[in-house]
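Down below is the structure, laid out as structure tokens.
In the text below, chain A, chain B and the rest are named by the order of the sequence lines, each starting its count at 1.
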Number of protein chains: 2
Amino acid sequence: MTDDLGLRERKKLATRQALCDAALKLALAEGVTTLTPERIAEKVHVSPRTFRNYFSSKEEAIVAGLQDRAQQVAENLRRRPADEPIWESLRAVLVPSLDTGMPGPDLRHLLGLIRCHHALLAEHLTSFEALSRQMAEVIAERTGTDVNRDIYPRLLADVSGIALKASLGLWATGTTGRGLGDIFGEALDLLSRGLPRPAVAPEHSADTGPPAT
Amino acid sequence: MTDDLGLRERKKLATRQALCDAALKLALAEGVTTLTPERIAEKVHVSPRTFRNYFSSKEEAIVAGLQDRAQQVAENLRRRPADEPIWESLRAVLVPSLDTGMPGPDLRHLLGLIRCHHALLAEHLTSFEALSRQMAEVIAERTGTDVNRDIYPRLLADVSGIALKASLGLWATGTTGRGLGDIFGEALDLLSRGLPRPAVAPEHSADTGPPAT
DNA sequence: GGAAAACTTGCACGTTCGGAAAAAAGACGT
DNA sequence: ACGTCTTTTTTCCGAACGTGCAAGTTTTCC
């Protein structure tokens, strides 16, 4: 990971990581509104001015972790074999992305903050949008379509994004006892079948989750 | 429309409308970065502080028109007969929403601005998100599902949103000679069929659009 | 070792944001 | 029509934010 990077590059990465870790930790601990860039900078022992060199707002720093992960998803998709069916490629890169490396309760808490805080939500959504654009390009390349002539790649990219978003949203409520991967699998299935109208009353759809894999 | 509202209410609505009209017009004319809240307020003959009472940023004012339209979509959906198939209800409210009441070139221009400007994009996306949340609730009600237990209503609401977003995005490029309604119809069709992989090379998929209905 | 490049930092300036209270305008009862 | 109450608009103002610049420090490269 930290392979052939010079000392300078590694340090930059390290402070960036430290900053967004601190931002996230403080946001979870004390909320977003009372949190100031100064405090974040202080915790990492850099000047407030340096914080601004990395992030243009506290909100950007807080969601930077998720955003970085989104970037990885796009890159991972690029790395999949070109002849793999596109839905399989998507599943292969999206499912692992569900593991954010954060403890579950913290992730729920963070999603709650994002949901309520306008600026945080905006930042989060733009990162999703950026991911979609990149994925649309890869999808177009893999399926022989054209981003600027066909609707298909945009739709498939966006659909992948909302599968993630909707699954996270439902999981974050905590009202279903199901795991995130389980919910996400169902979402992909439903989407790939064109969202058929549910029988009538799913009643206990949460019962004994179907094996995702 | 302006029925049983007192003079005070009507005036409020009027200034709000005037403000977001002015914001949009100025943004289209001179760009977003150089535009200041002062100028917008000045054009409507109110103080800058009043502008802030209505909108918390110039970006919010610029996209307020689209946002209001999104609100209407949600309300129109609520008004559809409860026994109508949900896909038909969605089509019935979304298709008319394509007519933004703006001249085509202006709309393209605006979408271009939104696409490039981070703050504008963020504002625009949050309005889409707000729309999705409302639509998810209505969809849940109509289909006998539960927003907090089933993934279905969230997915269907989000899918409707991206059908709009992707169609607008493709149409705005102007590289297909097709109409917005045409593109949107194809998007809904594809989505309702689970985004089947396109044959292989659509080659000239833009040719003589397929009859949507 | 030393020059060049990059990063950090403090300072300063203009802008933005939002609260508080006075002034203006509408609503309402008599 | 008048006075009073409520709501909106406005002025004033201080705090926070964002950004450019130049000096100081660290890393890189020769």
Side-chain angles (χ1 to χ4, degrees), chain A residues 2-23 26-27 30-64 67 113 116-123 126, chain B residues 1-23 26-27 30-64 113 116-123 126:
Chain A
T2 62
D3 273 3
D4 50 348
L5 294 162
L7 173 58
R8 182 176 281 162
E9 301 295 325
R10 266 180 292 147
K11 269 194 159 180
K12 255 177 81 171
L13 264 293
T15 54
R16 190 191 140 90
Q17 195 60 42
L19 280 172
C20 82
D21 281 358
L26 289 173
E30 66 178 83
V32 183
T33 51
T34 68
L35 179 58
T36 71
E38 282 79 6
R39 199 99 46 73
I40 304 173
E42 186 186 21
K43 189 165 181 180
V44 186
H45 306 296
V46 295
S47 76
R49 187 65 182 83
T50 297
F51 174 82
R52 294 209 173 317
N53 285 341
Y54 284 90
F55 304 103
S56 59
S57 67
K58 59 185 179 187
E59 286 84 5
E60 194 177 320
I62 294 172
V63 300
Q67 212 151 348
L113 290 181
C116 299
H117 216 81
H118 184 86
L120 264 188
L121 179 62
E123 202 62 48
T126 52
Chain B
M1 203 139 180
T2 62
D3 274 4
D4 51 348
L5 294 162
L7 173 58
R8 186 174 277 165
E9 302 293 326
R10 266 181 292 146
K11 269 199 158 183
K12 252 177 86 170
L13 264 293
T15 53
R16 190 192 138 90
Q17 194 59 43
L19 281 173
C20 81
D21 282 357
L26 288 174
E30 66 176 85
V32 183
T33 50
T34 69
L35 179 59
T36 72
E38 281 81 3
R39 199 100 44 73
I40 303 173
E42 186 186 21
K43 188 165 183 180
V44 186
H45 306 296
V46 295
S47 77
R49 188 67 180 80
T50 297
F51 173 81
R52 281 194 185 310
N53 284 341
Y54 285 90
F55 304 102
S56 60
S57 66
K58 60 185 179 186
E59 286 85 5
E60 194 177 320
I62 294 172
V63 300
L113 290 181
C116 297
H117 218 79
H118 183 89
L120 263 188
L121 178 62
E123 204 61 48
T126 53

- In whole angstrom, what separates B:L13's CG from D:dT8's P? 12 Å

- Query: Which parts of nucleotides 5-16 of chain C does protein reach within less than 4.0 Å, heavy atoms only, written one letter per nucleotide 5' to 3' as B for base, S for sugar-phosphate only and - for none?
  - Reply: BBSSBBB----S

- Query: Does a donor on one side chain and an acceptor on the other come within less than 3.5 Å for B:E123 and A:H118?
  - Reply: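 Looking only at side-chain atoms, A:H118 and B:E123 do form a donor-acceptor pair, the distance falling under 3.5 Å.
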
- Message: Under the criterion side chain to side chain contact (heavy atoms under 4.5 Å, CB included), I'd like the reasoning laid out for B:T15 against B:T50: C-alpha separation, chi angles, the key distance, then a yes or no.
- Response: CA-CA 10 Å; B:T15 53; B:T50 297; over 6 Å; no

- Partners of A:E30 by side chain to side chain donor-acceptor pair (under 3.5 Å), sequence neighbours excluded?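 Partners of A:E30 by the side chain to side chain donor-acceptor pair (under 3.5 Å) criterion, ordered by chain and then number, come out as A:T34, A:R39.
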
- Shortest non-hydrogen contact between B:A122 and A:A122, atoms and distance: CB-CB, 3.5 Å

- Taking every non-hydrogen atom, the tightest pair across B:S57 and B:F51: O-CZ, 4.0 Å

- Contacts of A:K43 meeting side chain to side chain contact (heavy atoms under 4.5 Å, CB included) (sequence neighbours excluded), chain-then-number -> A:A22, A:K25, A:L26

- Message: Among residues at least two apart in sequence or on other chains, which ones pass side chain to side chain contact (heavy atoms under 4.5 Å, CB included) with B:K11?
- Response: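 Residues passing side chain to side chain contact (heavy atoms under 4.5 Å, CB included) with B:K11: B:L7.
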
- Message: With each end axis built from five pairs of C1' atoms, what bend angle do you get for the helix from C:dG1-D:dC30 to C:dT30-D:dA1? Round to 10°.
- Response: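 Computed from the C1' atoms at both ends, the axes differ by 30°.
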
- Message: Listing request: all salt bridge (Lys or Arg N to Asp or Glu O under 4.0 Å) pairs with a residue in residues 46-63 of chain B, at least two apart in sequence or in separate chains.
- Response: none

